[in-house]
Structure formats: C-alpha cells, structure tokens
Amino acid sequence: MMQGDSYYLSIRLKNNAGQPITPLDVEDVEVTIGRRTKSYRDGKILFEDGLWFYPVTQAESFEFRPMKANAQVRVKWNGGVIEGQELTGIRVHESSSKEVL
C-alpha cells in the first residue's frame, strides 16, 4: 500500500481448526490499522465470499506511517469470548504527493 491509496483491504480470518470465520460465527469483528478502528457490527467492515473487507480512504492511508502499519483484529465470538491477534503483511510506502485526489 502507498500513502494516498484508497481501496478495501481483504482479510482472511480462520479459527483454530483452520476454518474460515464468518458472520454466523461471531457477534462482531473489529479491525484496527494504525489508529483507526472499524467494526462489522457498526457496518464499517464488510464480509463477502469468505473475506472480511476493511475500507481505507485516501485521507486514512495518509495517516499511516511509512514502513509497516500496526494492525490487529479482535473477534467477539457468539457467546461473548473475545480473542485478538496481530495482522501481518501491511507495508506502507511513502507517497511523494500528499494531495487527496
């Protein structure tokens, strides 16, 4: 990702048995990237075809520091148990332009 990009980041979540986590399994999924938190329950994260989608606007991606963005996911399972995990693989490259198009 480059600062200034705007698109949906796709996230594949699996349970301990290696099966995909779907909305039927959880009360909520919360994803934090940088300092920005969005959740499924609030309608800011989408689910489709086995993937969770976290939308990033240009303004939000400009907030990410170059190098590696800190990212975490927390799942609230049906029944109330909550588990968190670090997300890996989100590298941010600095943009020469700082303009929102």
Side-chain angles (χ1 to χ4, degrees):
M1 167 184 283
M2 182 177 284
Q3 291 173 326
D5 285 357
S6 175
Y7 51 77
Y8 287 87
L9 292 173
S10 61
I11 302 167
R12 185 178 312 277
L13 299 177
K14 294 183 179 182
N15 62 21
N16 290 339
Q19 299 300 315
I21 296 171
T22 73
L24 297 175
D25 303 313
V26 300
E27 291 181 34
D28 198 11
V29 169
E30 174 191 87
V31 176
T32 302
I33 301 176
R35 288 182 251 138
R36 179 105 28 200
T37 299
K38 298 180 183 184
S39 76
Y40 180 73
R41 183 173 38 197
D42 292 342
K44 295 182 179 175
I45 294 176
L46 307 174
F47 180 83
E48 186 176 315
D49 295 328
L51 295 172
W52 298 87
F53 291 94
Y54 180 99
V56 178
T57 67
Q58 279 192 293
E60 290 169 348
S61 69
F62 276 127
E63 294 174 5
F64 299 154
R65 290 180 167 187
M67 298 303 273
K68 181 182 171 191
N70 292 328
Q72 298 178 337
V73 62
R74 293 193 318 154
V75 174
K76 183 173 184 182
W77 298 97
N78 292 331
V81 173
I82 299 171
E83 293 181 291
Q85 182 70 40
E86 294 288 326
L87 294 175
T88 60
I90 301 175
R91 294 179 186 257
V92 179
H93 301 279
E94 185 169 8
S95 175
S96 297
S97 169
K98 304 298 183 197
E99 296 294 321
V100 173
L101 301 176

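- Tracing side-chain contacts under 4.5 Å through hydrophobic residues (I, L, V, M, F, W, Y), one never reaches Tyr7 starting from Leu46; they form parts of separate clusters.
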Practice item. Report the C-alpha distance between Ile21 and Val26 in whole Å, list the side-chain angles of each, state the deciding distance to 0.1 Å, and finish with yes or no for side chain to side chain contact (heavy atoms under 4.5 Å, CB included). Key: CA-CA 8 Å; Ile21 296 171; Val26 300; 3.6 Å; yes
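- Heavy atoms only, all atoms of each residue included: Met2 and Ser61 are closest at O-OG, 4.1 Å.
- For the ring-ring contact (aromatic ring centres under 6.0 Å, His included) criterion with Phe47, the lone passing option out of Tyr40, Tyr8, Trp52 is Trp52.
- Atoms CD and OG1, on Glu30 and Thr32 in that order, are 4.5 Å from each other to the nearest 0.5 Å.
- Looking only at side-chain heavy atoms (C-beta outward), Arg12 and Lys14 come within less than 4.5 Å of each other.
- The distance from the CD atom of Glu83 to the CG atom of Leu13 is 11.5 Å, given to the nearest 0.5 Å.
- Considering all non-hydrogen atoms of both residues, Phe62 and Ser97 come closest at CE2-O, 3.4 Å.
- Paired with Glu63 under the rule salt bridge (Lys or Arg N to Asp or Glu O under 4.0 Å), one option of Arg36, Lys98, Arg35 passes, and it is Arg36.
- Inter-residue side-chain proximity for Ile90 and Phe64 is flagged as unmet; no heavy-atom pair is nearer than 4.5 Å.
- Side-chain contact check for Gln19 versus Asp25: every heavy-atom pair is 4.5 Å or farther apart.
- By the 4.0 Å N-to-carboxylate-O rule, Arg41 lies close enough to Asp28 to be salt-bridged with it.
- Gln3 CD to Ser96 OG: the interatomic distance, rounded to the nearest 0.5 Å, is 9.5 Å.
- Rounding to the nearest 0.5 Å gives a distance of 5.5 Å between CD1 of Ile11 and CD1 of Ile33.
- The two residues Ile45 and Lys38 make their nearest non-hydrogen contact at CD1-O, 3.1 Å.
- Between Ser10 and Phe53, the shortest heavy-atom contact is CB-CE2, 3.6 Å.
- The heavy-atom pair separating Gln58 from Val100 by the smallest distance is OE1-CG1, 3.2 Å.
- In terms of heavy-atom proximity, Thr37 sits nearest to Tyr54 at N-OH, 4.4 Å.
- Atom CG of Asp49 is surrounded by 12 or fewer heavy atoms from other residues, nucleotides or ligands within 6.0 Å.
- Summarising the local packing, CG of Asn15 is surrounded by more than 12 heavy atoms from other residues, nucleotides or ligands at distances under 6.0 Å.
- Remark: Arg91 CZ to Lys68 NZ distance equals 8.0 Å, nearest 0.5 Å.
- One hydrophobic cluster holds both Val31 and Val81 under the rule that ILVMFWY side chains link at heavy-atom gaps under 4.5 Å.
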